[in-house]
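Have a look at the structure below, then the notes.
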Amino acid sequence: MENNNSNVPTNLNLNVRGLKTSATLAINELCQKLQDEGKEVFRLGLGQSPFPVPEIVVEALCRNAHQKDYLPVTGLKQLRETVAGFNLRTQNLDTDPANVLIGPGSKELIFLLQLVYYGDLVIPTPSWVSYSPQARIIGRHVKWAPAREDNFWRLSYQDLEDICMEDPGRPRVLILNYPSNPTGYTYPVERLKLLANVARKYNVIVVSDEIYGMIHHEGKHVSIAQFYPEGTIVSSGLSKWCGAGGWRLGTFSFPSNLKWLMDAMAVVASETYTSTSAPIQYAAVTAFSQHAEIDLYLSHVRRILTALAKYLTARLHGMKVDIPLPHGGFYLFPNFEIYRDVLKTHNIFDSPTLCSRILEETGVAMLPGKDFAPFRDELTARIAYVDFDGKQVLEASMLAGMENEPGEPFIRENCPRLVEAFDRLEIWFSKLE
Ligand code: PMP
Ligand code: GLU
């Protein structure tokens, strides 16, 4: 029932009361609204792949449009086998197809896991926007683990150990996302091994969120499951590397000894969403199988993202922002701390105000660092460098051939909106002085 005086709903579940639409979706809707009002907006807010779904996968979906039956709650058998094969091919992981769970997006699977497993959620700060609100909805305790900028905003094994030592027997889930949203950085093998050792010592369940794994810029993603197979659940899906966010298909791959968790999640799934869309699951069989066409697509996607990362990082250096090259995905996480004093004179004291003023005054939409790190105060922002026509850029890259590296002229010609967005940012910051 609504309270008519204040329009505040009075009998919402207390865990939900006060929650707002997820920042990623809210910025997308705001950008759409501004565009509908006739404003020019540079959409660097929502992290959506600009590249088309590979044709061979779209064709598979067309061929399977007639698939109309409910599928098993855990997923189509053939798809679960294919995902197990994909894990072996890409990470040398030995996954039993019976331990693969298909869901309507990995976001839903991460939520279900938090629902069925009783334990604290441990996440580095900054982390992707949805992990912590999911824990709040369910009523789980969140432990934000420190992550330092000079360590690429990554979790260190010492910090994980400090958290675990506070109460060694406490059940915990660590979500480790790499390449990372929001930063684009990943963990080298040595660091993964050290984190794996700590997780093993304290029986921490690791959800390894590898949704950007296939778009590691050098194609060199390594999963922590290689070093902690018995305690790692690998989370992945079609949304990023296959350009199919709106298809809503995610995968969880469990080790045998955590099958009980998968079974509990499947029970909840059976009482809620029933099963994942049938035509999408059939098409996903093609996506996760080995095809030269998909390999070629991925080589081009990776080199385009690499070229953009280089160009845009250099542009940020030109704005006096010290930021190392990202390793994967399509995000940059600049820290505008160097402008703090001058920003104060413009009444800008925090990252949400910084981003909303930049959007108002330049049309460039980004997400404030606070959305990813609620208890930190740096003047950071997440830039999703995705405002370009992915189909056009992919075709141009293919036409140029793999032997010709796409440099600045290629970017200026094919990604003019990103160039203009950064021109506008540069002018905005230069005018502050
Ligand atoms: N993890 C991270 C880090 C993400 O950025 C996203 C957003 N796509 C997800 C999980 C969820 O992806 P999906 O539900 O589309 O599989
Ligand atoms: N993960 C994407 C992002 O961080 C958007 C999709 C979502 O949040 O569900 O922008």
Side-chain angles (χ1 to χ4, degrees), residues 19-32 43-51 53 75 83 101-114 121 123-135 147 153-155 173-187 206-216 221 233-253 269 273 276-277 280-281 284 287-288 326-333 355 365-373 381-387:
L19 276 183
K20 298 200 185 108
T21 303
S22 189
T24 53
L25 303 173
I27 189 78
N28 199 37
E29 285 165 27
L30 174 62
C31 289
Q32 193 57 53
R43 297 179 80 147
L44 315 187
L46 178 75
Q48 162 159 277
S49 168
F51 298 104
V53 177
V83 170
L101 179 62
I102 309 298
S106 60
K107 190 177 193 170
E108 180 65 22
L109 293 176
I110 295 168
F111 180 74
L112 283 189
L113 177 81
Q114 296 204 58
L121 173 68
I123 42 176
T125 171
S127 274
W128 179 47
V129 294
S130 288
Y131 304 137
S132 149
Q134 288 188 349
W153 305 102
R154 292 179 303 215
L155 173 67
V173 174
L174 165 69
I175 306 187
L176 209 60
N177 164 228
Y178 54 102
S180 150
N181 174 4
T183 67
Y185 301 120
T186 193
Y187 292 83
V206 176
V207 173
S208 183
D209 184 343
E210 304 183 22
I211 193 107
Y212 299 96
M214 293 298 281
I215 46 173
H216 181 291
H221 174 69
I233 302 166
V234 177
S235 174
S236 189
L238 291 184
S239 297
K240 308 301 172 180
W241 66 268
C242 197
W247 286 22
R248 311 306 303 126
L249 186 131
T251 65
F252 258 27
S253 303
Y273 61 77
T276 305
S277 159
I280 300 293
Q281 290 204 55
F288 284 107
H327 307 132
F330 33 68
Y331 303 112
L332 292 166
F333 197 63
C355 290
M366 313 180 285
L367 279 176
K370 262 249 181 283
D371 286 338
F372 302 84
R382 188 193 77 173
I383 295 177
Y385 51 93
V386 297
D387 193 348

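Read the numbers this way: they start at 1 and go in the same order the structure lists the ligands and their atoms. None of the values given here were measured: they were computed from a predicted structure.
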Legend entry - Close N or O approach (S130, ligand 2; < 3.5 Å): no

Inset, instruction - Taking R43 for its side chain and V386 for its backbone only, find out whether a donor-acceptor pair lies under 3.5 Å. - result: no

Legend entry - Nearest atoms (heavy-atom pairs only) where T183 meets F333: CA-CB, 3.8 Å

Legend entry - R382 heavy atom under 4.0 Å from ligand 2: yes

Inset, instruction - Please confirm whether the backbone N or O of V234 pairs with a side-chain atom of E210, one donor and one acceptor, at under 3.5 Å? - result: no

Inset, instruction - Check for a donor-acceptor pair, side chain of E108 on one end and backbone N or O of G250 on the other, with a separation under 3.5 Å. - result: no

Legend entry - Smallest separation among heavy atoms of V207 and S235, with atom names: CG1-CB, 4.1 Å

Legend entry - Residue portion contacting ligand 2 (non-hydrogen atoms closer than 4.0 Å) for N181: side chain

Legend entry - Residue shell around ligand 1, heavy atom under 4.0 angstrom: G105, S106, K107, W128, Y131, N177, N181, D209, I211, Y212, S239, K240, R248

Inset, instruction - Return yes or no for this condition: an N or O of G47 is under 3.5 Å from an N or O of ligand 2. - result: yes

Legend entry - Smallest separation among heavy atoms of G47 and R382, with atom names: N-NH2, 3.4 Å

Legend entry - For the student: nearest non-hydrogen atoms of I27 and M366, plus distance: CD1-O, 4.0 Å

Inset, instruction - Return yes or no for this condition: an N or O of W128 is under 3.5 Å from an N or O of ligand 2. - result: yes

Inset, instruction - Step through it carefully: locate the ring centre of Y178, locate the ring centre of H221, and say whether they are under 6.0 Å apart. - result: yes

Legend entry - Residue among L113, D209, I233 satisfying side chain to side chain contact (heavy atoms under 4.5 Å, CB included) with I175: D209

Inset, instruction - Taking the side chain as every heavy atom from C-beta outward, state whether P124 and W153 have any atom pair closer than 4.5 Å. - result: no

Inset, instruction - Say whether Y331 and ligand 2 are in contact under the criterion: heavy-atom distance to a ligand atom below 4.0 Å. - result: yes

Inset, instruction - Give the residue and atom name of whichever protein heavy atom lies nearest to atom 3 (C) of ligand 2, and the separation in Å to one decimal. - result: T24 CG2, 3.3 Å

Inset, instruction - Measure K107 to ligand 2 on non-hydrogen atoms and call it side chain, backbone, both or neither using the 4.0 Å cut-off. - result: side chain

Legend entry - Heavy-atom closest pair, residues N177 and P179: ND2-O, 3.5 Å

Legend entry - Heavy-atom proximity to atom 5 (C) of ligand 2, best of L46, I211, D371: L46

Inset, instruction - Say whether K240 and ligand 2 are in contact under the criterion: heavy-atom distance to a ligand atom below 4.0 Å. - result: yes

